[in-house]
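Take a look at the structure set out below.
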Amino acid sequence: MIVTRFAPSPTGYLHIGGARTALFNWLLARQSGGKFILRIEDTDVKRNTPTAAQQVVDDLKWLGLNWDEGPEVDGPNGPYHQSERRDIYDKYIGQLLDEGNAYHCFETPEELALIREEAAKQKKTYNYTRPEVFPTADDVENARLQGRPVVVRFAVPDGDIVINDVVRGEVTFRAGEIGDFIIQKSDGFPTYHMAVVIDDELMGVTHVIRGQEHLMNTPGHQALQDALGFRRPVYAHMSVTVSEGGGKLSKRERPKTLRMSIKGRGQVDTQKLADVGGITVEEFESFTKGQSVPDMPAIDAIAKHLGVKLPEINVVDFASGGYLPETMVNFMGLLGWSTSDDREIMALEEQLECFDLTRLAKSNSLFDRKKLMAFNTEHMRMVGSEKLLEHFKRYIELKKSPVASGDDEILNRILLACAGARTLAEIEAKTRFLFFADDAIEYDEKAVNKVLMKNDGLGVLAEVRKRLAALDDVTAEAIENILRTLAEELSVGLGKVAQPLRVAICGNTISPPIFDSVDMLGMNNTLKRIDITLEKFSK
RNA sequence: GGUCCCAUCGUCUAGUUAGGCCUAGGACACCGGGUUUUCAACCCGGCAACAGGGGUUCAAAUCCCCUUGGGACUACCA
């Protein structure tokens with residue numbers, strides 16, 4: 001049976017790169033009736049935030065990637081948080097130590113940095129120099145008493161290491177290229193390398209699909225597996241997703257974008273911006289100098305205040321941008337992977353059918369947001385009215401939109417009237433006027449000038465009002481009839497009568513088809529808004 | 001700097017493992033036109049690539065080498 005896993009470190013929201021890794025592992029397990037495990041790699045006490053694991057869980061759920069074992073599910077191989085598996089790691093580290101395959105070291109980070117610098121100067125690969133004789137238990141005790149850090153290193157065996165990768169084929173690492181790496185930190189926690197090898201073995205993981213950034217770690221992992229007598233899972237190192245600016249698509253891009261934007265402005269009100277972000281002025285200044293990065297909510301708040309559009313990187317960014325999970329899963333699945341028959345727009349079931357591990361691409365790919373938009377347009381059409389309503393409700397809830405006060409009936413009418421929209425955000429933006437008070441409409445200056453103040457827009461609007469008021473059977477058809485007739489009588493295009501009306505009811509020139517808009521708003525509110533508009537601009 | 005990986009339209013990619021079926025296919029973007037009550041959507045048409053240089057071969061996008069370019073890693077992060 002195929003067993004795969006997704007093993008994020010809970011340092012924040014799930015980002016696109018991680019989500020893609022999760023997707024491929026999920027796909028491989030699901031298509032063969034195998035098992036998909038979610039494991040939280042929280043061995044770095046400093047970096048983990050308490051809420052991050054929950055965010056990752058929520059994001060995976062939103063994408064529809066469910067797991068058979070892991071948080072909230074449980075199973076025979078738990079616990080699924082590495083921080084709760086300390087005794088397991090200790091046992092294996094002890095074993096390596098006993099067998100002479102690992103040894104203690106006491107250098108401080110500063111001393112290590114010095115050695116590293118020296119190696120760089122000599123243009124050589126930096127490796128920790130293994131001592132002739134490993135420290136004894138007494139040495140360890142002494143070091144502790146002196147207050148020196150105590151870590152454990154794995155004694156990497158001599159000789160070339162050849163790894164076999166599904167994507168890259170055979171990759172050879174020359175003897176001596178892999179140095180003795182740390183497997184237990186001075187705080188007693190295992191490093192990633194140790195924990196991942198042990199857990200993959202214990203949880204019966206058969207296939208590991210991960211990012212190319214792990215390729216260089218693999219020989220070390222393999223040596224560890226050999227020393228421990230573990231099985232070797234099948235490895236597939238996927239190409240990296242890069243962003244427009246070049247380099248790996250990273251969550252650091254959001255703070256970076258904001259920082260550049262602030263710098264580009266010259267003078268800014270630091271006090272005000274710090275307040276907006278809920279951080280201190282010192283923290284804010286440290287951020288703009290590039291010395292530190294505040295929490296994500298602070299970044300988001302400041303960006304929103306300044307009107308800076310941050311690049312979408314995290315799964316939640318896309319949810320918040322009005323993209324469908326179906327789109328994300330489809331699109332991410334096509335980053336570094338393709339079908340043999342040019343199929344692109346696919347439902348998840350279809351992806352499941354044709355997924356083939358051997359078709360993973362070797363070269364990096366760029367995340368193209370324009371293409372994502374096109375995919376979303378297609379999926380909005382494809383998902384069906386029931387699913388779309390569900391997604392839309394979740395979206396307006398998430399955005400705390402006034403549209404959220406609408407009931408299913410009106411929401412369904414909205415969705416129908418907005419057929420062809422590219423994102424849920426577009427639908428929300430052009431229907432929120434339906435939920436404003438009649439006198440709370442904000443008029444877009446450009447729209448007013450263009451359609452109301454020119455070509456007797458107000459006069460036409462007054463005439464429209466008269467005719468609408470006389471209507472007793474209010475339907476979209478009847479409204480259409482009136483407007484078309486009027487346009488004909490005036491020998492102008494429909495736009496000349498529709499646009500003033502549109503601006504009157506929603507304040508700008510963007511809305512669902514005008515007949516539907518009036519119908520959904522209701523005749524009373526429509527007439528009221530026309531009156532308010534006429535009053536406001538007829539001077 | 002060191003180690004490793006990669007290289008087809010602007011972008012995602014098919015074709016490379018088994019060289020001829022490739023005057024290189026699809027999708028997005030872009031450009032032109034159509035439809036139209038706004039924004040979208042939709043329809044039709046068009047532009048556009050084998051990074052460069054050497055080999056091997058009757059034949060190379062496909063195999064080999066070099067150059068160039070891009071990327072990953074280089075932590076007591078994962």
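Chain identifiers are assigned alphabetically (A, B, ...) following the order of the sequence lines, protein sequences preceding nucleic acid strands; residue numbering begins at 1 within each chain. All values reported here derive from a predicted model rather than from experimental measurement.
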Salt bridge A/D44-A/R47, side-chain N to carboxylate O under 4.0 Å: yes

Donor-acceptor contact below 3.5 Å, side chain A/D444 vs main chain A/G507: no

Of the listed nucleotides (B/rA72, B/rU37, B/rU13), which one gets closest to any side-chain atom of A/V240? B/rA72

Do A/R413 and A/T431 have a side chain donor and acceptor closer than 3.5 Å? no

Considering every strand and a 4.0 Å limit on heavy-atom distances, what is the contact class for A/H214: base, sugar-phosphate, or nothing? base

Distance check: side-chain N/O of A/K362 vs OP1/OP2 of B/rG70, anything under 4.0 Å? no

Could you check whether A/V151 gets within reach of a base, just the sugar-phosphate, or nothing at all, counting any heavy atom under 4.0 Å? base

Decide yes or no, distance alone: a donor-acceptor N/O pair under 3.5 angstrom between the base of B/rC28 and the side-chain of A/K370. no

Would you indicate what A/R174 reaches in the nucleic acid, counting non-hydrogen atoms under 4.0 angstrom: base, sugar-phosphate, or nothing? nothing

So what does A/R168 touch, heavy atoms closer than 4.0 Å: a base, only the sugar-phosphate, or nothing? sugar-phosphate

Heavy atoms only, 4.0 Å cut-off, all strands: where does A/T43 land among base, sugar-phosphate and nothing? sugar-phosphate

Test for a donor-acceptor pair under 3.5 Å between the base of B/rA7 and the side chain of A/N364, counting only N and O atoms. no

Side-chain N or O of A/R484 closer than 4.0 Å to phosphate OP1/OP2 of B/rU37: yes

Can A/H237 and A/R168 be counted as having a side-chain donor-acceptor contact under 3.5 angstrom? no

Suppose you measure atom C1' in B/rU74 against the same atom in B/rU13; what distance do you get, rounded to whole Å? 32 Å

Provide, to the nearest angstrom, the distance between the CD1 atom belonging to A/I161 and the C1' atom belonging to B/rU3. 13 Å

Integer angstrom distance from the C1' of B/rA61 to that of B/rG25: 13 Å

Rounded C1' spacing from B/rA59 to B/rC22 in Å: 13 Å

Which nucleotide in the list B/rG2, B/rA78, B/rG26 gets nearest to the side chain of A/E344? B/rG26

Side-chain donor or acceptor of A/R116 under 3.5 Å from a matching atom on the base of B/rU74? no

Could you tell me whether A/A419 contacts a base, only the sugar-phosphate backbone, or nothing, with contacts defined as non-hydrogen atoms closer than 4.0 Å? base

With a 4.0 Å cut-off on N to O distance, would you call A/R467 and A/E489 a salt bridge? yes

In whole angstroms, the gap separating P of B/rA27 from CZ of A/F367 amounts to 21 Å

A/D187 atom CG is separated from B/rA78 atom P, nearest whole Å, by 9 Å

Should the side chain of A/K371 and the base of B/rA27 be counted as holding a donor-acceptor pair, with the cut-off at 3.5 Å? yes

Classify the nucleic acid contact of A/E107 as base, sugar-phosphate or nothing, counting any heavy atom under 4.0 Å across all strands shown. base

Going by modelled atom types, is there a donor-acceptor pair between the base of B/rG2 and the side chain of A/E177 at under 3.5 Å? no

Under a plain distance cut-off of 3.5 Å, with no hydrogens placed, do A/Q82 and A/R85 share a side-chain donor-acceptor pair? no

Closest-nucleotide ordering on RNA chain B, the 5'-leading residue of A/V167 and A/S365: A/V167

Is any NZ, NE, NH1 or NH2 atom of the basic residue among A/E350 and A/R343 found under 4.0 Å from an Asp or Glu carboxylate oxygen of the other? yes

Between B/rG71, B/rU3, B/rC77, spot the one nearest the side chain of A/M216, thanks. B/rU3

For B/rA14, which nucleotide in any strand shown is its Watson-Crick or wobble partner with both distances under 3.5 Å? none

Any sub-3.5 Å donor-acceptor pair from A/R20's side-chain atoms to A/L335's backbone N or O? yes

Would you indicate which nucleotide in B/rC5, B/rG26, B/rU37 comes nearest to any side-chain atom of A/I514? B/rU37

On a whole-Å scale, what distance lies between the C1' atoms belonging to B/rU11 and B/rU3? 30 Å

Once you round it to whole Å, what is the distance between P of B/rU13 and CE of A/M346? 13 Å

With sugar-phosphate meaning primed atoms plus P, OP1 and OP2, does A/R47 contact a base, only sugar-phosphate, or nothing at under 4.0 Å between heavy atoms? base

B/rC65 versus B/rC6 - spacing of their P atoms, nearest Å: 12 Å

Starting at CD of A/E344, measure out to OG1 of A/T339 and round the result to the nearest 0.5 Å. 7.5 Å

Between A/S340 and A/E213, just flag the one whose closest nucleotide in RNA chain B comes earlier from the 5' side. A/S340

Under 4.0 angstrom, heavy atoms only, what part of the nucleic acid is A/S511 near: base, sugar-phosphate, or nothing? base

Residue matched to B/rU3 through Watson-Crick or wobble contacts both under 3.5 angstrom: B/rA72

Classify A/I345 by what it touches in the nucleic acid, base, sugar-phosphate, or nothing, heavy-atom distance under 4.0 Å. nothing

Taking B/rA27 as the reference, what is the distance to B/rG69 when you measure between their C1' atoms (whole Å, please)? 26 Å

Looking at A/R381, I'd like to know whether one of its side-chain N or O atoms comes within less than 4.0 Å of OP1 or OP2 on B/rC42. yes

Picking from B/rC4, B/rA40, B/rC6, which would you name as closest to the side chain of A/S363? B/rC6

For atom C1', what is the distance between B/rC47 and B/rC28, given to the nearest Å? 15 Å

Mind checking A/F189 for me? I need base, sugar-phosphate or nothing, with any heavy atom below 4.0 Å counting as a touch. nothing

Side chain of A/D368, heavy atoms from C-beta onward: which of B/rU11, B/rG2, B/rA78 has the nearest atom to it? B/rU11

Roughly how many Å apart are B/rA14 and B/rG26, using the C1' atom of each and rounding to a whole number? 7 Å

B/rC30 -> Watson-Crick or G-U wobble partner, both distances under 3.5 Å, gives B/rG46

Which nucleotide wins on minimum distance to the side chain of A/T377, given the candidates B/rU13, B/rA41, B/rC39? B/rA41

Is any side-chain N or O of A/S186 under 3.5 Å from a base N or O of B/rC76, one able to act as donor and the other as acceptor? yes

Strictly below 4.0 Å: does A/R359 bring a side-chain N or O up to OP1 or OP2 of B/rG15? yes

Distance, rounded to the nearest Å, where A/R210 contributes CZ and B/rC77 contributes C1': 14 Å

Distance in Å, A/S83 OG paired with A/Y89 OH, rounded so as to fall on 0.5 Å steps: 8.5 Å

B/rC76, B/rC28, B/rC12: which one has an atom nearest the side-chain heavy atoms of A/L366? B/rC12

By the 4.0 Å heavy-atom rule, please label A/G211 as base, sugar-phosphate, or nothing. nothing

Distance, rounded to the nearest Å, where A/N127 contributes CG and B/rU3 contributes P: 12 Å

Which of B/rC76, B/rA78, B/rU3 is nearest the side chain of A/P109? It is B/rC76

Candidate nucleotides B/rU37, B/rG2, B/rA7, ranked by approach to the side chain of A/Q499 - the nearest: B/rU37

